[in-house]
Amino acid sequence: MMETMIGRSIIWVLLIFLIMPLAASYVISWLTMKSQRHLMLRFGQHAPFIFSWLGTIVHELAHALLALLFGHHLDKIVLLTNPFKSDKDRRLGYVDHSWHSHNLYQRLGNFFIGLAPMLVISLVTGIITQILWPNLFDIQTLGWHVFVGVPGWQIVIWICLIFNLNLGMNISSADWHNVWQGLTVYIMFLLIVGLILGLFIIDDALIWETVGYWLAMTWLINFGISLVIMGLTSILV
């Protein structure tokens with residue numbers, strides 16, 4: 001019985017904290033890059049700077065913040081590159097950081113540093129929504145009721161900010177390289193967490209009910225926003 005509980009706890013932990021964020025990040029990033037391509041086809045090569053400058057800045061700040069949190073050394077930070085100066089890697093911004101490969105904590109950090117834009121922009125999106133359009137958090141008011149009591153100017157600002165931020169949620173090949181560098185240590189960490197939870201909890205479904213459900217809703221909301229933006233930008237092409 002104990003072995004079964006431990007095994008199921010480990011499966012829940014891997015599903016919620018590894019498989020779900022990786023799959024969601026890949027899909028959302030793909031949708032975001034498609035949206036950026038649509039904008040570039042319609043408005044030219046400088047379109048990403050026009051429509052996602054804020055998202056790019058938050059994207060790079062997220063990398064830098066997580067790098068510092070996990071003890072990495074920040075070598076160089078460029079929040080937004082010069083749009084009139086060609087970057088050899090076609091980057092809108094970048095963060096160069098270094099770490100000690102023998103330090104497990106710093107190696108673990110690579111996983112989170114790579115996915116940092118997804119995590120931080122999701123948090124910023126939630127904060128902005130709470131300030132400008134809190135009705136969206138009330139599931140019972142879904143429908144036209146979400147517009148009740150919310151000034152039109154707040155909705156316009158919300159749309160502009162979320163559009164800009166969402167376009168910064170693309171995960172580059174360099175970001176994915178960071179993720180893979182920390183993946184092994186992260187999986188080891190999750191296995192230990194799953195083992196401990198399996199030893200102490202009575203019902204493994206609590207892992208989903210207390211954490212997994214809300215994280216899944218967050219990823220679904222981000223996916224929905226990315227899908228809508230991709231659909232809207234495709235009309236421009």
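The first residue in the sequence is number 1, and the count goes up from there.
Minimum interatomic distance between Gly44 and Pro48 (heavy atoms only, all atoms of both residues): O-CD, 4.4 Å. Contact record, Gly71 with Gln106: O-NE2, 3.0 Å, taken as the closest heavy-atom pair. Heavy-atom minimum distance, Ser9 versus Leu197: OG-C, 4.2 Å. Nearest heavy-atom pair, Met118 versus Ser25, reported as atom, atom and distance to 0.1 Å: CE-O, 3.4 Å. In terms of heavy atoms, Asn170 sits closest to Leu167 at OD1-O, 3.5 Å. In plain terms, the two heavy atoms of Ala47 and Leu39 that are nearest each other are CB-O, 3.5 Å.
Ile11 and Ile192 are assigned to two separate hydrophobic clusters, defined by single-linkage of ILVMFWY side chains at heavy-atom distances under 4.5 Å. Residues Ile201 and Leu191 are members of one and the same hydrophobic cluster, defined by side-chain heavy-atom contacts under 4.5 angstrom among Ile, Leu, Val, Met, Phe, Trp and Tyr. Residues Val211 and Phe200 fall within the same hydrophobic cluster, defined by Ile, Leu, Val, Met, Phe, Trp and Tyr side chains chained together at heavy-atom separations under 4.5 Å. Placement of Leu31 and Met217 within a single hydrophobic cluster is found when ILVMFWY residues are connected by side-chain heavy-atom separations under 4.5 Å, directly or transitively. Under the 4.5 Å side-chain heavy-atom criterion for Ile, Leu, Val, Met, Phe, Trp and Tyr, Ile128 and Ile229 are members of the same hydrophobic cluster.
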Stepwise side-chain contact (heavy atoms from CB on, under 4.5 Å) test for Thr56 and Phe49: CA-CA 8 Å; Thr56 299; Phe49 293 93; over 6 Å; no
Derivation of the side-chain contact (heavy atoms from CB on, under 4.5 Å) call for Tyr94 and Leu79: CA-CA 6 Å; Tyr94 58 92; Leu79 298 181; over 6 Å; no
Intermediate values then yes/no, side-chain contact (heavy atoms from CB on, under 4.5 Å), His38 and Leu236: CA-CA 7 Å; His38 293 156; Leu236 299 174; 5.9 Å; no
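Distance check, rounded to the nearest 0.5 Å: CD1 of Ile127 to CG of Leu132 gives 11.5 Å. In this structure, OG1 on Thr125 lies 6.0 Å from CD1 on Ile225, to the nearest 0.5 angstrom. Summarising the geometry, atom CD1 belonging to Ile6 is positioned 7.0 Å from atom CD1 belonging to Ile10; distances are rounded to the nearest 0.5 Å. Atom-to-atom distance recorded for Leu15:CG and Arg8:CZ is 13.0 Å, nearest 0.5 angstrom. Within the model, atoms CG of Leu22 and CG of Leu115 stand 6.0 Å from one another, a figure rounded to the nearest 0.5 Å. The structure places CZ of Phe43 at 8.0 Å from CD1 of Ile50, a figure rounded to the nearest 0.5 Å.
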Return all side-chain donor-acceptor pairs below 3.5 angstrom for residues 156-166, not counting sequence neighbours, or 'none' if the list is empty.
residue : atom : partner : partner atom : Å
Trp158  : NE1  : Thr129  : OG1          : 2.9
Asn164  : OD1  : Trp53   : N            : 3.4
Asn164  : OD1  : Leu54   : N            : 2.9
Asn164  : OD1  : Gly55   : N            : 2.9
Asn164  : ND2  : Phe51   : O            : 3.3
Asn166  : OD1  : Ser226  : OG           : 3.4
Asn166  : ND2  : Ser226  : OG           : 3.0

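Ring orientation note: the planes of His59 and His63 are nearly perpendicular, at an angle over 60° on the 30°/60° scale.
Residues passing the side-chain contact (heavy atoms from CB on, under 4.5 Å) test with Asn222, sequence neighbours excluded: Ile28, Ser122, Met169, Thr218, Trp219. Residues meeting the side-chain contact (heavy atoms from CB on, under 4.5 Å) test with Pro134, sequence neighbours left out: Gln130. In this structure Phe189 satisfies the side-chain contact (heavy atoms from CB on, under 4.5 Å) test together with Tyr186, Val193, sequence neighbours excluded. Residues meeting the side-chain contact (heavy atoms from CB on, under 4.5 Å) test with Leu104, sequence neighbours left out: Arg107, Val185. Applying the side chain to side chain donor-acceptor pair (under 3.5 Å) test to His72 and every residue at least two apart in sequence or in another chain returns His97.
Within the 4.5 Å cutoff, no side-chain heavy atoms of Leu66 are placed close to those of Phe111. Proximity of Val58 to Val120: side-chain heavy atoms (C-beta onward) are separated by under 4.5 Å at one or more points.
Checked options Leu183, Leu190, Thr184; the residue passing with Ile187 is Leu183 (criterion: side chain to side chain contact (heavy atoms under 4.5 Å, CB included)).
Looking only at distances, a side-chain donor or acceptor of Asp175 sits under 3.5 Å from a matching main-chain atom of Ser172. In terms of modelled atom types and a separation under 3.5 Å, the side chain of Thr233 and the main chain of Met230 share a donor-acceptor contact. Panel note: side chain Ser29, backbone Ile171; a donor-acceptor pair is recorded below 3.5 Å.
Environment of OH in Tyr105: crowded, with over 12 heavy atoms of neighbouring residues, nucleotides or ligands closer than 6.0 Å.
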